[in-house]
Amino acid sequence: QKEVEQDPGPLSVPEGAIVSLNCTYSNSAFQYFMWYRQYSRKGPELLMYTYSSGNKEDGRFTAQVDKSSKYISLFIRDSQPSDSATYLCAMSETPNDMRFGAGTRLTVKP
Amino acid sequence: DAGITQSPRHKVTETGTPVTLRCHQTENHRYMYWYRQDPGHGLRLIHYSYGVKDTDKGEVSDGYSVSRSKTEDFLLTLESATSSQTSVYFCAISVGHLVNTEAFFGQGTRLTVV
């Protein structure tokens, strides 16, 4: 069993839809949680970073961490075609031990 | 892009040959990382560096070595390339006070071992 599980999709939604992306994990010691966005043939770029449990909002993006369920989510409101990318969750117990999910490919259709 | 340059961007090499990938940063950050990305596995840490001549192993370090003789350059070497090392390699730097939790990535090097 992988430490971090992420549904690879693909996920296709119409423009304006609310998108929900999720990851589960097995290591209860993880305390740093990140979401990255990766466009095709580009490097990942950091979208959201949260420490421990709770919610964090940044514009159209909301990250949620539920440590009791070992489950993290990223919500995208009013999705746009420019949001079409692969979304990677990442988490770590210590600062230099980041573990990534395999990524979910999202397509937002105009 | 936090001033990260990877070279080469693409490389095809033969099994058994040595290969060196270079990561160059312009902003003097202390922490640098090498990852590989493969379908179904996401990104996996190979090695990282926390200063000149200071390096440590990551999750998938077998078959790889690294060197950092200057703050701005972090080299990844495949001593004898194998087909299983065909992958996309990303360099990253950490800019936050919580190292590796605010990482910025380079554009990647696509390596094919034939």
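Residue numbers start from 1 in every chain, and the chains themselves are labelled A, B, ... in the order their sequence lines are given, proteins ahead of strands.
Side-chain N/O atoms of A:N55 and A:E57 include no donor and acceptor closer than 3.5 Å.
Scanning both residues, A:K70 and A:S28, for their nearest heavy atoms gives CE-CB, 3.7 Å.
Listed for the B:R30 side chain is a donor-acceptor partner under 3.5 Å among the backbone atoms of B:Y50. Between the side chain of B:K11 and the backbone N or O of B:T109, no donor-acceptor pair lies under 3.5 Å. Panel note: side chain A:D58, backbone A:F61; no donor-acceptor pair is recorded below 3.5 Å. Although no hydrogens or angles enter the test, the distance criterion places a donor-acceptor pair under 3.5 Å between the side chain of A:Q80 and the main chain of A:D78.
Taking A:R41, A:Q6, A:M91, A:E45 one by one and counting their heavy-atom pairs under 4.5 Å with chain B, the maximum is reached by A:R41. Chain A forms the most heavy-atom pairs under 4.5 Å with one residue out of B:R44, B:H41, B:Q6, B:R110, and that residue is B:R110.
A heavy-atom distance below 4.5 Å is found between the side chains of B:S87 and B:Y89. For the pair A:S79 and A:E15, the minimum side-chain heavy-atom distance is 4.5 Å or more. Taking the side chain as every heavy atom from C-beta outward, A:R60 and A:D83 approach each other to under 4.5 Å.
The environment of A:K67 atom NZ is dense: over 12 non-hydrogen atoms of other residues, nucleotides or ligands sit within 6.0 angstrom.
Both the backbone and the side chain of A:P44 come within contact range of chain B, judged by heavy atoms closer than 4.5 Å. Only the side chain of B:Q37 comes within contact range of chain A, with heavy atoms under 4.5 Å apart.
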Between A:T62 and A:R77, is a side chain to side chain donor-acceptor pair (under 3.5 Å) present by the stated rule, with each step listed? CA-CA 8 Å; A:T62 299; A:R77 292 182 298 280; 2.8 Å; yes
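From A:Y36, atom OH reaches atom CG of A:L74 across 13.5 Å, with rounding to the nearest 0.5 Å. Note: A:S92 OG to A:F30 CZ = 7.5 Å, rounded to the nearest 0.5 Å. The OG atom of A:S53 lies 11.0 Å from the CD1 atom of A:I72; values are rounded to the nearest 0.5 Å. Expressed to the nearest 0.5 Å, how far CD of B:E79 lies from CD of B:Q85 amounts to 10.0 Å.
A:I76 and A:Y49 are members of different hydrophobic clusters when ILVMFWY side chains are connected at heavy-atom separations under 4.5 Å.
Scanning residues 12-24 of chain B against chain A with a 4.5 Å heavy-atom cutoff picks out nothing at all. Contacts with chain A (heavy atom to heavy atom, under 4.5 Å) involve these residues of residues 54-77 of chain B, listed by number: B:E59. Contacts from residues 17-27 of chain A to chain B, taken as heavy-atom pairs separated by less than 4.5 Å, involve no residues at all. Inspection of non-hydrogen atoms places A:F100, A:G101, A:A102 of residues 100-110 of chain A under 4.5 Å from chain B.
In this structure, the ring of B:Y35 has its center no less than 6.0 angstrom from the ring center of B:F90. In this structure, B:F105 has its ring center at least 6.0 angstrom away from the ring center of B:Y33.
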